[in-house]
Q: 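This structure is in structure tokens; I'll ask about it shortly.
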Amino acid sequence: MNSQPAGDRSERLDGLNARARAMGQAWKPRLAVVADWMTTVDHKKIAILYFLSGMTFLLIAGMEGQLIRVQLAQSELRILDPNLYNQLFTMHGTTMVFFAGMPLIIAYFNFVVPLQIGARDVAFPRLNMFSWWLAVFGGLFLYASVPLGSMPDGGWFAYTPLTNREYSPGRGMDFYVLALLLAGVGTIAGGVNFVVTILNLRAPGMTFMRLPLFTWMALVVSILILLAFPPFTVGLLFLLFDRNFGTHFFDAAAGADPLLWQHLFWVFGHPEVYILVLPAFGIASEVIPTFSRKGLFGYPVVVFSGVLIAFLGFGVWAHHMFAVGMGPLANSVFAGATMLIAVPTGIKIFNWIATMWGGKLRFTTPMLWAIGLVSMFIIGGLSGVMHASPPTDLQQTDTYFIVAHFHYVLIGGLVFGLFAGLYYWFPKATGKMLSDKLGKWHFWLTLAAFNITFFPMHFSGLLGMPRRTFTYPSELGLDGFNLVSTIGAGLFTVAFVPLIVNLWKTLRNGEPAGANPWGAPTLEWSTGSPPPHYNFAVVPRVQRRDPLWHPWIRPEEEEAGDHEDAGPGGVEPRLQPEVAPEPVVMPSNSWWPMVMSIGMLIATVGGLGSLETTLVGAAITLVGLFGWAFEPAFRDGAGHL
Amino acid sequence: MSELAPVTGIRNRKLAMWTFIGSECMLFATLISTYMVYRGRNLIGPYPHELLNVPFITVTTFVLLMSSLCMVLALAAMQQGNRRQARFRLFLTAALGLVFLVGQFYEFNHFHHEGLGLSRNLFSSTFYILTGTHGAHVLGGVIWLSTLFLRLGSGPIDAERIETVEIAGLYWHFVDAVWIILFTLIYLLA
Amino acid sequence: MAAGHEHASTRFYVAIAVILAVLTALEVMVFFIEALRPVLTPLLLIMMAAKFFLVAAFFMHLRFDGRLLNVVFAWGLVVATGITLALMAVFGRFS
């Protein structure tokens, strides 16, 4: 692009002219690369940006988790100040859910979905980049509270009245509210983008019942995002106004009920759990069939289970609140709905096992992670069904049993799924194979570390280890369990070493992957690794759920019905031609998403107490919006959102 | 590109607007839920029945309704390629939207003088945030429609532009439909 | 776009607007009539719903548009209504 201040300046300095120009020449391409990444609208590049930002926040939040474990290693330790402890567990949860988990799943959506449906990009490429900027700015804004010494300390759930101005007088919770409002706008935009992409950009013949499972889950999750984030946005708006403008939404003294926040939060928060875990299920449903050499068992049932979870997911939120005294009727209804939602989840597990049954299993690294996901998620699912029952939950609520449960779901489910996907699609994204040996070290170390950390928490929790409390008395007799958990947490950090070494070595000189290194059945494996900018030289025509496992069928044969073949074995996949037979027009890069996001960031900063700043930010946002609306998306003129 | 031939037969931008409207349903549902949950729990005055002026708000409701009619007629004019009529009707839509906003401003101002500041009580909190969010949507719509009106001064009336007006219209009618609900729940069922 | 529909005429849209205006007038009348107090709530809710669906079906063209758009809107509307009713129930507004 056209930002080369280094080049301009060099011309004014006569004496150093030649040398400076040489330097300018050296910098120009690098600046151009940076500018290209800042303005890109290519879903594959945006996926990489999402992945890098998500991983960065994952490591930061992981370190916060480590500090929590260090403080809890033994009873009555004073390594961390209690206030700092509150800030750390708040930041750990908030970061993991909103700035690590969400960006990482959206990174996978971005990379995989257009390729799986045979599209050349998402429906709204600039909106896509806008979502990323807001996700990053939201995270940066949240972490701006760290140097200011006022990290949020009211928990990622931010229960009122604890988070009202009266009980949280610092700036911390304002950072939380504003950061999540900002990021939430981008998330909703992403939800719209993926719904339209999946519904509209499917290649010819890609009917709903031929849609790969990962894409199905991306659709379901996008719908969940669209319906779950608005209630949260409204709740945050109430909290913002209560804290800063004297309204009374959560003020019991004015006749309000602070419990309303918990309801609004969990109306969002429970679907959010499915938002995080369903993509991991989608990844497992891609990986397990590929390495079993067998189509997914009961595909329609798995699809409908996903859709059912998305629907029922909105009717179970109050099971997070059994202890607040909603009364027996409400408790029973929500307990029943919660037990019901375990059914479609269980169905998926049986389908994965049935897929492996009788298959030609290959225990590659992605397959190990996927199997790890299935087994670890069963543990998390079972403890979940336990506290679906209110009397049991009353014993377990606010103890480490709950902490164990949701880490089995979110690490055993989500993180294992993300790693399965990383090893599975990394060759597609980079064209290079990750080392299987190092990958297996990574898997086994993580599996061990994860269980050593979190399994003892079931016991310490049932024995009364309280959550969200910076220490515990030695009389509880929980020092042993806690020490084991802390040692496991340390090992967890070590488990990342093989991954980092693997990524480093592979990116420098990894083995070339080829188009379809795993012999996988879906469309993303029919194009180059890495795929060309336009993904597909020829828009594919889809006739099967597993197109690359079947020989091409001509339309007349399809109609005649005589297309029975040898089944999924050793058929040569149909590859895309190297060069597009006709010119492909791709949308051009754009600065406007960045301009608009910066405007929104400035407006958000103003939310900390400066109306002028907010107005300036709003003005920049408006300029960005108009610049965006009037900019042709394609160089040849046709505009779109 | 694939933009030209979506599988579903509904073009991307229109589908996006409908998807967004689906999401907006949840936004307003949450605001409305809060209003309904807190209705009648106000501890100090002024109370809703002392302030809400049904005849006045009926007039602004009617204005918003008429703006919806202008909007749908503006789209019809676009489809017939009648630039003058389309522009006039778009202008009228935006102007009526503005009248509604002025009405809302007058109402807020009046309530404020009657002692109902934003932070006065539970009613003020829920009322101002709910109707204020709706008002912000109307304001966004007025800006959008004004832009369309100005841009329509030149250039061809092609399928792309007709679609743009159609999408702005979807947004506008949705905001009107939300007001239909708010009018009944806030003012008539008080 | 769904095939075979020409967007309805000006007269048609004016007719819909007249119905909407009449319904609004009826709502306000019902509001002021003492005798209707006991049935006020259901009456108003029915008229509100009728107006809402008239706008969605005709001004927003859902009546003429693809089934998919109806599904998209209905999904949002059903979940939204469900959550509203559930929240009101949880806070004892129906008892």
Side-chain angles (χ1 to χ4, degrees), chain B residues 8-11 14-15 17-34 36-41 54-55 57-58 61-62 65-66 68-73 75-77 79-80 166 169-174 176-185 187-190, chain C residues 1-3 6-10 12-14 16-18 20-21 23-25 27-28 30-32 40-41 44-45 47-56 58-62 65-66 68-88 90-93:
Chain B
T8 55
I10 302 155
R11 284 169 56 90
K14 187 170 168 184
L15 185 56
M17 180 47 82
W18 270 110
T19 313
F20 176 67
I21 287 174
S23 180
E24 288 274 280
C25 286
M26 280 302 280
L27 185 95
F28 282 106
T30 315
L31 288 160
I32 291 170
S33 306
T34 305
M36 297 307 282
V37 163
Y38 283 161
R39 219 169 51 142
R41 293 178 65 152
V54 172
I57 219 69
T58 307
T61 302
F62 184 73
L65 204 60
M66 286 306 108
S68 242
L69 174 63
C70 290
M71 184 71 236
V72 81
L73 294 179
L75 175 62
Q79 281 159 342
Q80 290 153 9
E166 185 186 0
L170 288 177
Y171 173 82
W172 190 254
H173 298 309
F174 175 70
D176 182 30
V178 169
W179 185 254
I180 288 174
I181 293 174
L182 297 191
F183 174 63
T184 304
L185 293 188
Y187 294 90
L188 300 182
L189 285 174
Chain C
M1 292 221 186
E6 184 51 41
H7 274 292
S9 66
T10 307
F12 175 75
Y13 289 126
V14 172
I16 297 291
V18 167
L20 286 168
L23 276 173
T24 309
E27 283 180 326
V28 178
V30 167
F31 173 75
F32 282 112
L40 182 68
T41 306
L44 285 176
L45 287 180
M47 285 193 278
M48 175 187 91
K51 284 165 69 187
F52 185 89
F53 284 108
L54 277 176
V55 170
F58 298 109
F59 283 1
M60 297 168 91
H61 306 117
L62 268 187
D65 253 329
L68 179 70
L69 294 182
N70 286 273
V71 172
V72 169
F73 186 48
W75 190 312
L77 204 60
V78 166
V79 176
T81 314
I83 296 274
T84 307
L85 294 177
L87 276 173
M88 288 175 71
V90 165
F91 281 90
R93 304 310 303 209

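First the proteins, then the strands, lettered A, B, ... as listed; each starts at 1.
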Q: Checking side-chain contact (heavy atoms from CB on, under 4.5 Å) between T10(C) and each of L69(B), L73(B), V72(B), which is the one that passes?
A: L73(B)

Q: Using heavy-atom distances under 4.5 Å, tell me whether L188(B) contacts chain C through its side chain, its backbone, both, or neither.
A: both

Q: Applying side chain to side chain contact (heavy atoms under 4.5 Å, CB included), run through W18(B) and M60(C) and close with a yes or a no.
A: CA-CA 10 Å; W18(B) 270 110; M60(C) 297 168 91; 3.7 Å; yes

Q: Once side chain to side chain donor-acceptor pair (under 3.5 Å) is applied, what residue pairs with a partner in residues 69-81 of chain C remain, sequence neighbours excluded?
A: none

Q: Donor-acceptor pair, R93(C) side chain versus R39(B) backbone, under 3.5 Å?
A: yes

Q: Residues in side-chain hydrogen bond (donor to acceptor under 3.5 Å, both in side chains) with T8(B), at least two apart?
A: N200(A)

Q: Please report the C-alpha distance between L185(B) and L44(C) in whole Å, then the side-chain angles of each, then the deciding distance to 0.1 Å, and finally whether the side chain to side chain contact (heavy atoms under 4.5 Å, CB included) criterion is met.
A: CA-CA 9 Å; L185(B) 293 188; L44(C) 285 176; over 6 Å; no

Q: Apply the test side chain to side chain contact (heavy atoms under 4.5 Å, CB included) to residues M71(B) and F59(C): give CA-CA distance (whole Å), side-chain angles for both, the deciding distance (0.1 Å), then the verdict.
A: CA-CA 9 Å; M71(B) 184 71 236; F59(C) 283 1; over 6 Å; no

Q: Identify which part of V37(B) has an atom lying under 4.5 Å from any heavy atom of chain C, answering side chain, backbone, both or neither.
A: both

Q: Could you go through the side chain to side chain contact (heavy atoms under 4.5 Å, CB included) check for F52(C) and I181(B) one step at a time?
A: CA-CA 7 Å; F52(C) 185 89; I181(B) 293 174; 3.5 Å; yes

Q: To check you understand the geometry: which heavy-atom pair defines the closest contact between A80(C) and M26(B), and what is its length?
A: CA-SD, 3.5 Å

Q: Can you see which heavy atom on A21(C) is nearest to which on L65(B), and at what distance?
A: N-CD2, 3.7 Å

Q: Using non-hydrogen atoms and a 4.5 Å limit, figure out which bit of F28(B) sits close to chain C: side chain, backbone, both or neither.
A: neither

